[in-house]
Amino acid sequence: MPDYDPKTIEAKWQKRWEEEKSFKVEADPAKPKYYLLEMFPYPSGRIHMGHVRNYTIGDALARFKMMKGLNVLHPIGWDAFGMPAENAAIQNQSHPDTWTHANIKTMTAQIKRLGLSYDWDREITTCEPEYYRWNQWCFLKFMERGLVYRKNSEVNWCESCNTVLANEQVVDGLCWRCDSEVVPKLQEGWFFKITDYADRLLEACKDLEGGWPEQVLTMQTNWIGKSTGAEVDFQIKDSKESIQVFTTRPDTLYGATFMVLAPEHPLTHSLSRGTKQEKTIDAFIKEVKNQDKIARTREGGEKLGVFIGAHAVNPLNGETIPVWTANFVLMDYGTGAIMSVPAHDQRDFEFAKKYKLPIRIVIRPPDGNTHADDLKEAMTAPGPMTQSGSFDGLAGDEAKQKVCEYLQSKKIGKATVQFRLRDWGVSRQRYWGTPVPIIFCEKCGTVPVPYADLPVVLPLDAQLGDKGQSPLKSLDSFINVPCPKCKAPAKRETDTLDTFICSSWYFERFTSPHEEKAPFSKESNRYWMAVDQYIGGIEHAILHLLYSRFFHHVFRDMGLVATKEPFAHLLTQGMVIKDGRKMSKRWGNVVDPDHIIDRYGADTARLFILFAAPPTKQLEWSDQGVEGSFKFLKRVWRLFEGSKNIFDDKPAGDDTEAELQTQLKDLRRIIHVTIKRVTEDIERRMQFNTAIAAIMEFVNHLQKFLEGWMKHPHEPSAKGQALFKEAIETLILVLSPFAPHIAEEMWERLGQPDTTHQAGWPEYKEEYLRADQIEIVVQVNGKVRQKLLVSESIDEASLKVKSLEDPRIREWTDGKEVKKVIVVPKKLVNIVAK
RNA sequence: GCGAGGGUGGCGGAAUUGGUAGACGCCCAGGACUUAAAAUCCUGUGAGGGAAACCUCGUGCGGGUUCGAUUCCCGCCCCUCGCACCA
């Protein structure tokens, strides 16, 4: 008997899959499709266990769906632009392009060793002009639709390196490279108006319920952060100026006893001019600006504020109230100014207490006490308005609505909504990215590069500086171009696009990766989209998924895609941990996938990863667990090799013997039960761990069965042989999505002409699931006291009698009164006796 | 603080609709095979009691509903993740 030899087997089948392009797919309207996608990797160097887990989960599903007869699109590509390439290039004196492509080569080889069912003809690499030209195309199309604009925004700036830093390059407020202090700097850049889609992206979350994890939908909802309320204008006393505020509680307007502006608010400075507060305000603005942004906005952080020197008029009651500025009011949310209602807002309450500002209750508390002095904390619950003139008595949404109507009629305010979501800044002052297709002309201004001139190719002859500045800024051959409009000398934009853009539509591209006239073909897209199952890490729960949804919504408005949402089902896989910690270089607990494959083979690695935990939970790496999976595959191999002679032999013996009959029926039942369990665990529950457990039990049964058979004086009957062969075939097929190499090898050795995924997924028959004899648990007062073997078809009355008459049960019921007998068909009997 | 998920043997985990808690695997112990080891196979393996048959206890803690609760309800503790001065 040849030993299980994963090295040879796996190399053989991987070669065959590659040569025969076994997983190449074409759109075929006659066949039902299934689009399965794992988040494509960043080519960082080598694959890690997180990747392996991601792809293994995806591959098991993909192969299962193929066997089920679906036309499965299962593509792979590379998210190849990004900062690590630049950093590595600086460190190794090489080029990001060289580094990236070398990594892709390494990782491709690693991925291929896992035996994944990818259609390699659809491979995408985002740093190739064939791909990123469509990033530029999208940028221009979005621009035509009014979704692109330029504005100033704050960036992290390192004075010493003279460069913009990404958030992750700022470590404890210091530059990661030179350790000098990072300062905020205003810089002009390009923005995508994702806020135009805020409401629709929020609304569409409802369509994703059931298909997406609730947690992710909650995160997206919070991130978009819609709040409804009103904008209200407060006139400045003795001035033409007015302050606009946003509030979610227009029903508390009568309780506004002061106002607070953000320190950055232009009126903070201007209103204080000419007052006694001038110097205090200037000092305060400076102080807050120097305060760490995070410290400033942390809850429990100290609320600091000063009086501005001006007063405003409450538009509803005409009262004069002081205007303050404070650190807790942020310029980039709402209007940068608030009306303060200390009685009904906790922050305002704390602020009012600290600075001895008046507090007035305008929402009637349940106990009716409207003495503000008695308040211990703000009363934020809704309730009827009080001390609010003609609005008294109105409550909740109706109250808010009435106040808004009044404001609107007086033209001093209106109902409105606010979003926490900010527009998406897409400018990066980096080299290794998609050039922004814009030309600046002195005469014509900002000129888009004509579509015919795309792509704007990223010059590969640029040399990176040692501090991380983009070399594009000083590359004359790149910068200097004639203006597309007036042909006068002009300058190219040197910013590149955020790499999130690459990943925001790659899944659309996979539907027609070689399309040359458009980012993707409408027809292919219509057939393949939406992605039926998307699999990736939870770390992308917000940005990547939100941006991708945004792109898809815009594409839909452009008439390019047919579905409302891009990803019908989302699975967020759990982390891989070892010794209780995330597997990472930082903790020095990394297990290299290559080493595992070298030692045990890909099938073992895949099987372990799928068996050790359900996909959504974290996975504790265990070398012994890997060993266990390897042992299991060896057992399967031995079972297979050992049973071959049974169905090789000529049929003999007879199958009329009762015991053997029962055994065979049992075997048949186990085959069908196993198919059912594995099928449902994959399809309905996506619990590969229990699917594999079912297969292990199946193997245990078959082994026992085989042993018993060998001991039996008779030769196996023809029927028995056929059934056992069916069992082995079933085993191979259900194992195939998880451990495809060994499955394929055994399938071939069995003399099958096709492959396992051509053979199709086995079906179970309901009628074969039943056993003649079933075990019934008999309880007395809820405690298990006996187990009865009864006929499957026993009626309730006889089962009752049988249970009550059982001697072991009598021991517990004798001398007691049987009050009640509960019978759960085919499961249990519970006797209540007192 | 708010929201979500979780807490089950020595470990990873199972229990699908309220119905045998601990499937499957790992570890460990004993045995078989072997000159020996590895590999493989067999047996045992939640805790306590018992020679055994069996019995009692047991799913974070405390209550409740129910014939019956890991599962449902109420209160509490702990862990993980996300959000958090958002007006």
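In what follows, every heavy atom counts, from backbone to side chain, and hydrogens, waters and symmetry copies are set aside. Sequence lines set the chain letters: A, B, ... in the order given, protein chains first and strands last, and positions in each chain run from 1.
Listed nucleotides B/A23, B/U20, B/G82 differ in distance to A/Ala693; the shortest reach to its side chain belongs to B/A23. Closest to the side chain of A/Glu707, out of B/G12, B/C42, B/A87, is B/C42. Candidate nucleotides B/U16, B/A4, B/A23 were compared by shortest atom distance to the side chain of A/Glu697, and B/A23 ranks first. When the nucleotides B/A87, B/C24, B/G12 are ranked by their closest atom to the side chain of A/Ala612, B/G12 comes out on top. Listed nucleotides B/C41, B/G19, B/C86 differ in distance to A/Arg638; the shortest reach to its side chain belongs to B/C41. For A/Val329, whose side chain is taken as the heavy atoms from C-beta onward, the closest listed nucleotide among B/A4, B/A87, B/A23 is B/A87. Of the candidate nucleotides B/G19, B/G12, B/U20, B/G19 has the atom nearest to the side chain of A/Ile822. Residue A/Thr247 has its side chain nearest to B/A87 when only B/A87, B/G25, B/A23 are considered.
Heavy atoms of A/Asp348 sit nowhere under 4.0 angstrom from any nucleic acid atom. Backbone-only contact: A/Val832 has heavy atoms under 4.0 Å from sugar-phosphate atoms and none from a base. A/Gln618 comes within 4.0 angstrom of the backbone, heavy atoms only, and of no base. Counting non-hydrogen atoms under 4.0 angstrom, A/Trp812 reaches the backbone sugars and phosphates but no base. Within 4.0 Å of A/Pro614, counting heavy atoms only, lie sugar-phosphate atoms of the nucleic acid but no base atom. Residue contacts shown for A/Gln418 are absent, as no nucleic acid heavy atom lies under 4.0 Å away. Residue-level contact check: A/Arg422 touches neither bases nor backbone, having no heavy atom under 4.0 Å from any strand. Contacts of A/Ser227 with the nucleic acid, taken as non-hydrogen atoms under 4.0 Å apart, involve only primed sugar atoms and P, OP1 or OP2. Within the 4.0 angstrom heavy-atom criterion, base atoms lie near A/Asn830. Residue A/Gly225 is out of contact with every strand shown, counting any heavy-atom pair closer than 4.0 Å. A/Arg684 comes within 4.0 angstrom of no nucleic acid atom, judged by non-hydrogen atoms across all strands.
Listed pair A/Asn689 / B/G12 fails the phosphate criterion, with no side-chain N or O lying under 4.0 Å from OP1 or OP2. Dashed line: the shortest gap from a side-chain N or O of A/Arg785 to OP1 or OP2 of B/U20 is not under 4.0 Å. Within the 4.0 Å cut-off from OP1 or OP2 of B/A15, at least one side-chain nitrogen or oxygen of A/Arg685 is found. Proximity of A/Gln687 to the phosphate of B/A15: a side-chain N or O atom is located under 4.0 Å from OP1 or OP2. Within the structure, every side-chain polar atom (N or O) of A/Arg420 is placed at least 4.0 Å from both OP1 and OP2 of B/A87. Listed pair A/Lys827 / B/G18 fails the phosphate criterion, with no side-chain N or O lying under 4.0 Å from OP1 or OP2. Taking 4.0 angstrom as the limit, A/Asn700 places a side-chain polar atom (N or O) nearer than this to OP1 or OP2 of B/G25. In this structure, A/Lys617 reaches the B/A14 phosphate: one of its side-chain N or O atoms is under 4.0 Å from OP1 or OP2. The side chain of A/Lys634 places an N or O atom within less than 4.0 Å of a non-bridging phosphate oxygen (OP1 or OP2) of B/U40.
Distance, A/Asp332 CG to B/A87 P: 13 Å, rounded to whole Å. In this structure, the CD atom of A/Gln624 is 20 Å from the P atom of B/C24, given to the nearest Å. In this structure, A/Leu421 atom CG and B/C83 atom P are separated by 14 Å, rounded to whole Å. Remark: P of B/C83 and OH of A/Tyr333 are 17 Å apart, rounded to the nearest angstrom. Note: NZ (A/Lys787) to P (B/A53) measures 14 Å, nearest angstrom. Between the P atom of B/U40 and the OH atom of A/Tyr4 lies a distance of 14 Å, rounded to the nearest Å. Residue A/Lys631 contributes atom NZ, which lies 10 Å from atom C1' of B/C27 at whole-angstrom precision. If you measure from atom CZ of A/Arg347 to atom P of B/A84, you get 14 Å, rounded to the nearest angstrom.
Syn is the glycosidic conformation of B/G9, whose angle stays within 90° of 0.
Taking atom C1' on both B/G50 and B/U35, the two are 43 Å apart, rounded to the nearest angstrom. Rounded to the nearest Å, the gap between the C1' atom of B/A47 and that of B/G9 is 9 Å. Taking the P atom of each, B/C57 and B/G68 are spaced 14 Å apart, rounded to whole Å. B/G75 and B/U80 are spaced 23 Å apart, taking the C1' atom of each and rounding to whole Å. For the P atoms, the distance linking B/C33 with B/A21 amounts to 39 Å, nearest Å. Atom name P, nucleotides B/G13 and B/G60: the rounded distance is 15 Å, in whole Å. When the C1' atom is compared between B/U8 and B/A15, the two are found 10 Å apart, to the nearest whole Å.
Sorted pairs that involve residues 211-236 of chain A and meet ring pair (Phe, Tyr, Trp, His ring centres under 6.0 Å), not counting sequence neighbours, are lacking altogether. A salt bridge (charged side-chain N to carboxylate O under 4.0 Å, His left out) check over residues 603-629 of chain A, counting only residues at least two apart or in different chains, returns the pairs A/Asp59-A/Arg606.
Under 4.0 Å is where a charged nitrogen must lie from a carboxylate oxygen, and between A/Lys226 and A/Asp199 at least one such pair does. A salt bridge links A/Glu319 with A/Arg360: at least one charged nitrogen is closer than 4.0 Å to a carboxylate oxygen.
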Taking distance alone, no hydrogens or angles, what donor-acceptor pairs closer than 3.5 Å link side-chain atoms of residues 823-834 of chain A to residues at least two apart or in another chain?
residue: A/Lys826; atom: NZ; partner: A/Glu792; partner atom: OE2; Å: 2.9
residue: A/Asn830; atom: OD1; partner: A/Gly782; partner atom: N; Å: 3.0

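Scanning for salt bridge (Lys or Arg N to Asp or Glu O under 4.0 Å) contacts around A/Asp5 gives an empty result, with sequence neighbours left out. Qualifying salt bridge (Lys or Arg N to Asp or Glu O under 4.0 Å) partners for A/Arg810, counting only residues two or more places apart in sequence or in other chains: A/Asp814.
In this structure, the side chains of A/Ile774 and A/Ile794 stay at 4.5 Å or more apart for every pair of heavy atoms.
Residues A/Arg635 and A/Asn700 have side chains that bring a donor and an acceptor to within less than 3.5 angstrom of each other. Side chains of A/Ser242 and A/Asp233: no donor on one and acceptor on the other come within 3.5 Å.
Aromatic ring centres of A/Phe630 and A/Phe608 lie farther apart than the 6.0 Å criterion allows.
A/Lys820 contributes no side-chain N or O that forms a donor-acceptor pair with the base of B/C67 under 3.5 Å.
Consecutive pairing runs in RNA chain B reach the stem threshold at B:1-7 with B:77-83, B:10-12 with B:24-26, B:28-32 with B:40-44, B:46-49 with B:54-57, B:60-64 with B:72-76, where a stem means at least three Watson-Crick or G-U wobble pairs with distances under 3.5 Å.
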**Message:** Is there a salt bridge (charged side-chain N to carboxylate O under 4.0 Å, His left out) between A/Arg785 and A/Glu811? Walk through the geometry before answering.
**Reply:** CA-CA 10 Å; A/Arg785 297 302 181 189; A/Glu811 282 178 40; over 6 Å; no

